[in-house]
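Just so we're on the same page: letters track the sequence lines, and every chain starts at 1.
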There are 2 protein chains.
Amino acid sequence: FSSHQPINSTEKACMLRPLEAPFRYLFGPGPSNVPPRILAAGGRPIIGHMHSEMFGIMNDIKKGIQYAFQTSNNMTLAMSGSGHTAMECAVFNIVEPGESVLVAINGIWGERVAEIAERMGAKVHTLFKTPGGHFTNAEIEQALAKHKPVLFFLAHGESSSGLVHPVDGVGDICHKYNCLLLVDSVASLGAAPLLMDQQNIDILYTGSQKALNAPPGTAPISFSERACHKMFNRKTKPVSYLLDMTHLSNYWGNDGKPERKYHHTGPVSGFFALRESLAILAEMGLENSWSHHTEVAEYLWKGLEDLGLKLFIKDKDLRLPSVTTIAIPEGYDWKELLAYIMKHHQIEFTGGLGPSVGMVLRIGLMGYNCNKANAAMALAALEDALKQCRKSKA
Amino acid sequence: FSSHQPINSTEKACMLRPLEAPFRYLFGPGPSNVPPRILAAGGRPIIGHMHSEMFGIMNDIKKGIQYAFQTSNNMTLAMSGSGHTAMECAVFNIVEPGESVLVAINGIWGERVAEIAERMGAKVHTLFKTPGGHFTNAEIEQALAKHKPVLFFLAHGESSSGLVHPVDGVGDICHKYNCLLLVDSVASLGAAPLLMDQQNIDILYTGSQKALNAPPGTAPISFSERACHKMFNRKTKPVSYLLDMTHLSNYWGNDGKPERKYHHTGPVSGFFALRESLAILAEMGLENSWSHHTEVAEYLWKGLEDLGLKLFIKDKDLRLPSVTTIAIPEGYDWKELLAYIMKHHQIEFTGGLGPSVGMVLRIGLMGYNCNKANAAMALAALEDALKQCRKSKA
């Protein structure tokens with residue numbers, strides 16, 4: 001290799017230290033702590049992404065998502081990526097350039113979908129509320145009638161504001177206007193009731209790292225037959241080869257073809273972990289998971305109010321059980337509160353996100369993290385911080 | 001939840017079995033076996049994707065990639081996805097719709113880049129050879145002069161044919177024609193000499209699951225200053241929000257801004273594993289890794305020839321040390337050979353990929369898997385299969 005002499009650089013020296021990562025209570029809006037059982041699944045020796053046993057595991061994941069989503073959709077799979085990958089996949093595959101899309105924006109997720117749809121050449125119309133607000137079915141119907149979109153986006157779990165959005169009836173209204181309903185349940189799946197088929201949702205996606213407690217990096221998604229009809233009868237190819245559902249549906253064995261062809265190399269360890277997380281949800285049962293999240297959330301809400309704090313979402317029925325938003329208390333710097341709690345209690349809470357920055361503090365207790373002991377720990381940490389961080393003291 | 005009653009379905013029952021995955025010797029073109037040390041790193045309790053310690057780990061990854069790529073490029077990071085994600089990221093960010101791209105196709109990877117560039121609206125020109133062929137610098141220069149592309153793609157490790165493509169001088173020729181050089185080193189990094197800065201490569205990417213031996217799902221990538229100048233002075237936004245380097249460079253702390261903003265949730269466990277894999281490469285040293293791969297490959301090649309097999313790439317200097325291609329021996333069904341070896345030896349070899357399907361068998365010994373004992377095991381399995389699977393016997 002005389003002509004190819006590498007430089008032994010400071011970059012190399014920097015790598016000769018061991019990996020270090022402290023223990024943290026991940027009580028923000030996600031990722032949440034990964035239980036040992038899921039870590040162990042993700043840490044198993046891998047097999048090939050195209051081995052028959054891997055296809056068996058992917059089939060299990062498909063069943064697990066069908067259960068978690070409450071759908072019998074054949075076109076159910078997991079994306080090799082985070083929730084944003086699922087978001088882009090949905091928009092890229094369903095919408096063709098020049099078609100109209102309607103996006104409900106009441107926090108960051110609608111903003112993101114609007115940005116994604118604009119970039120791929122859709123005509124983007126928006127329905128807007130400030131964080132914490134929600135849309136009535138009448139408002140949605142009016143906008144659908146006006147803009148005639150092919151796709152309507154709604155975040156079920158608006159984690160930036162702490163809102164769980166009503167979904168009943170929205171699918172029917174969309175279908176009346178020949179529009180497909182796309183719902184984001186990244187922050188709500190497993191924590192708040194959502195029934196894809198009964199509620200006539202056409203495309204539903206979630207993330208692995210919230211109530212499912214798997215590491216981030218995979219994202220369940222499902223498409224109704226109506227959605228499949230639209231996306232598999234396009235005039236143009238989706239702009240992304242990587243996210244093209246023609247190929248992904250073959251990779252997941254959903255297209256009825258006898259042979260699965262190589263498309264990309266899926267995250268094998270991530271799929272092991274995702275399968276385990278879906279198994280845990282199936283063992284617990286959805287009803288139990290929903291009622292458990294509500295019970296712990298109500299305990300947390302009462303404790304927060306007892307500390308004199310104000311919950312950002314007034315209406316209990318609109319509060320996301322997995323992510324609680326607190327109005328930033330007067331006399332405090334929210335960044336200082338968060339830094340104090342992280343430093344002295346090893347607990348992550350977070351501030352707002354996108355349009356809710358500076359408006360809220362957020363506490364997430366999801367899946368494995370969701371129990372009263374953790375809620376009590378979170379409340380004690382917050383109580384301590386409220387004593388120590390008052391501005392007049394500083 | 002009276003109005004939201006989930007269905008307890010067969011899907012749920014299907015998940016109440018434990019995860020099962022057999023042990024396999026992954027001696028195909030990747031993913032390769034993940035050593036216990038990297039599995040352990042990936043199985044550690046996670047921290048938040050925006051914690052300061054996570055940014056520290058990402059900084060380490062950046063240093064580790066700079067060493068592995070032999071570059072001092074500031075714009076160095078890992079994609080949250082497989083090698084295809086890096087491929088799309090490079091094309092989406094560098095090229096604007098209507099611009100010309102030149103793609104060298106001598107196997108599947110060029111085909112994929114051409115497909116990706118076409119979908120995003122580039123004018124795609126190709127240089128073509130059948131699998132096993134390579135391009136002279138004169139041929140490349142002629143095509144650059146003719147098509148005046150903004151980007152030229154070349155696969156350094158053409159794993160579908162087993163070819164390692166010469167790169168010396170190609171960067172200089174590209175720059176003479178005001179074109180950027182994009183190189184795929186997914187299958188070659190750590191196995192065959194490649195020096196990003198010395199060889200004037202503008203965009204280089206690889207995968208985590210080959211000689212680096214991490215699980216699939218992350219993909220190192222680096223951009224030269226010349227590449228940054230092009231991608232950060234675009235008239236249009238890249239079509240993908242998720243892969244927009246404006247946002248990714250901020251997430252990786254490469255844009256010089258004091259604050260890192262939330263873009264997407266990176267695969268925390270995948271980054272832990274990737275950091276460990278880059279540390280192992282730094283500890284071993286690039287020169288050692290290159291010479292080790294060559295030594296084991298030469299041992300394998302001799303053993304294959306001793307079995308009477310023909311290597312698909314005749315010129316030793318053009319053989320990829322990480323992935324060896326064998327011409328399918330006469331009198332055998334290649335699928336039957338592979339199935340026999342998998343069943344009786346728990347070893348994965350593979351057939352061709354894309355245009356090389358039906359032309360070759362492929363044996364990959366990469367990183368952790370790359371040693372003479374494994375090469376001997378591979379040869380013994382192949383010898384057994386050649387005895388048992390001859391067609392006239394069946």
A.B. asks: Identify the heavy atoms of B:Leu26 and A:Gly48 that sit nearest to each other, and give their distance.
C.D. replies: CD2-N, 3.8 Å

A.B. asks: Just wondering, are more than 12 heavy atoms of other shown residues or ligands nearer than 6.0 Å to OH in B:Tyr251?
C.D. replies: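 Yes, OH of B:Tyr251 has more than 12 neighbouring heavy atoms, counting only those of other groups under 6.0 Å.
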
A.B. asks: Is A:Met342 close to chain B through its backbone or its side chain, or both, or neither, when contacts mean heavy atoms under 4.5 Å?
C.D. replies: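 Side chain only.
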
A.B. asks: Can you say whether B:Ile280 sits under 4.5 Å from chain A via the side chain, the backbone, both, or neither, judging by heavy atoms?
C.D. replies: neither

A.B. asks: On a heavy-atom basis, which atom in B:Pro22 and which in A:Ile47 lie closest, and how many Å separate them?
C.D. replies: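 Reported closest heavy-atom pair: O-CG2, 3.2 Å.
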
A.B. asks: For A:Met50 and B:Thr350, run side chain to side chain contact (heavy atoms under 4.5 Å, CB included): C-alpha distance rounded to whole Å, both residues' side-chain angles, the deciding distance at 0.1 Å, then the answer.
C.D. replies: CA-CA 10 Å; A:Met50 303 285 285; B:Thr350 70; over 6 Å; no

A.B. asks: Among the options A:Ala282, A:Gly217, A:Ala41, pick out the one with the most heavy-atom pairs lying under 4.5 Å from chain B.
C.D. replies: A:Ala282

A.B. asks: Given heavy-atom pairs under 4.5 angstrom as the criterion, report whether the side chain, backbone, both or neither of A:Leu242 touches chain B.
C.D. replies: both

A.B. asks: Which residue out of A:His49, A:Met54, A:Glu276 racks up the most heavy-atom pairs below 4.5 Å with chain B?
C.D. replies: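 Going by pairs under 4.5 Å, I would pick A:His49.
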
A.B. asks: Against chain B, work out which of A:Pro35, A:Gly121, A:Ala279 has the most heavy-atom pairs shorter than 4.5 Å and name it.
C.D. replies: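 It is A:Ala279.
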
A.B. asks: Report, by ascending residue number, the residues of residues 79-87 of chain A in heavy-atom contact with chain B at a distance under 4.5 Å; give 'none' if the set is empty.
C.D. replies: A:Ser82, A:His84, A:Thr85

A.B. asks: Mind ranking A:Glu283, A:Glu348, A:Met120 by heavy-atom pairs under 4.5 Å with chain B and telling me who comes out on top?
C.D. replies: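 Most heavy-atom pairs within the cutoff with chain B belong to A:Glu348.
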
A.B. asks: May I ask you to name which of B:His51, B:Gln66, B:Glu53, B:His264 has the most heavy-atom pairs under 4.5 Å with chain A?
C.D. replies: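 It is B:His51.
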
A.B. asks: What part of A:Leu16 gets closer than 4.5 Å to chain B, counting heavy atoms only: side chain, backbone, both or neither?
C.D. replies: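 Contact with chain B involves the side chain of A:Leu16 alone.
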
A.B. asks: Looking at OG of A:Ser269 and CD of B:Gln209, how far apart are the two atoms once the value is rounded to the nearest 0.5 Å?
C.D. replies: 10.5 Å

A.B. asks: At a 4.5 Å cut-off on heavy atoms, which part of A:Pro36 comes close to chain B: side chain, backbone, both, or neither?
C.D. replies: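 For A:Pro36, neither part sits under 4.5 Å from chain B.
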
A.B. asks: Measure the CZ-CE distance between B:Arg275 and A:Met15 for me, rounded to the nearest 0.5 Å.
C.D. replies: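 That separation rounds to 4.5 Å.
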
A.B. asks: Once ring pair (Phe, Tyr, Trp, His ring centres under 6.0 Å) is applied, do any residues pair with B:His292, and if so which ones, sequence neighbours excluded?
C.D. replies: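 B:His292 satisfies ring pair (Phe, Tyr, Trp, His ring centres under 6.0 Å) with no residue once adjacent residues are dropped.
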
A.B. asks: Rounded to the nearest 0.5 Å, what separation is found between the CD1 atom of B:Ile46 and the OG atom of A:Ser32?
C.D. replies: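 Result: 7.0 Å between the selected atoms.
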
A.B. asks: Out of curiosity, B:Leu278 CG to A:Cys14 SG, how far, rounded to the nearest 0.5 Å?
C.D. replies: 11.0 Å

A.B. asks: Pick one of side chain, backbone, both or neither for A:Phe92, based on which atoms fall under 4.5 Å of a heavy atom in chain B.
C.D. replies: side chain

A.B. asks: Looking at A:Asp244, A:Thr236, A:Asn59, A:Ile108, which one has more heavy-atom pairs under 4.5 Å with chain B than the rest?
C.D. replies: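 Heavy-atom pairs under 4.5 Å are most numerous for A:Asp244.
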
A.B. asks: Measuring from A:Glu20:CD to B:Asp60:CG, what's the distance to the nearest 0.5 Å?
C.D. replies: 9.5 Å

A.B. asks: Below 4.5 Å, heavy-atom pairs only: which of B:Gly28, B:Pro215, B:Pro31, B:Gly266 has the largest tally toward chain A?
C.D. replies: B:Pro31

A.B. asks: Side chain, backbone, both or neither: which part of A:Leu281 has an atom under 4.5 Å from a heavy atom of chain B?
C.D. replies: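 No part of A:Leu281 comes within 4.5 Å of chain B.
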
A.B. asks: Do you know which of B:Arg112, B:Glu118, B:Glu115, B:Glu88 makes side chain to side chain donor-acceptor pair (under 3.5 Å) with A:Tyr241?
C.D. replies: B:Arg112

A.B. asks: Nearest 0.5 angstrom please: B:Ile38 CD1 to A:Leu19 CG, how far?
C.D. replies: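 Those atoms lie 11.5 Å apart.
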
A.B. asks: So which of A:Ala40, A:Pro18, A:Gly42 has the largest heavy-atom pair count under 4.5 angstrom toward chain B?
C.D. replies: A:Pro18

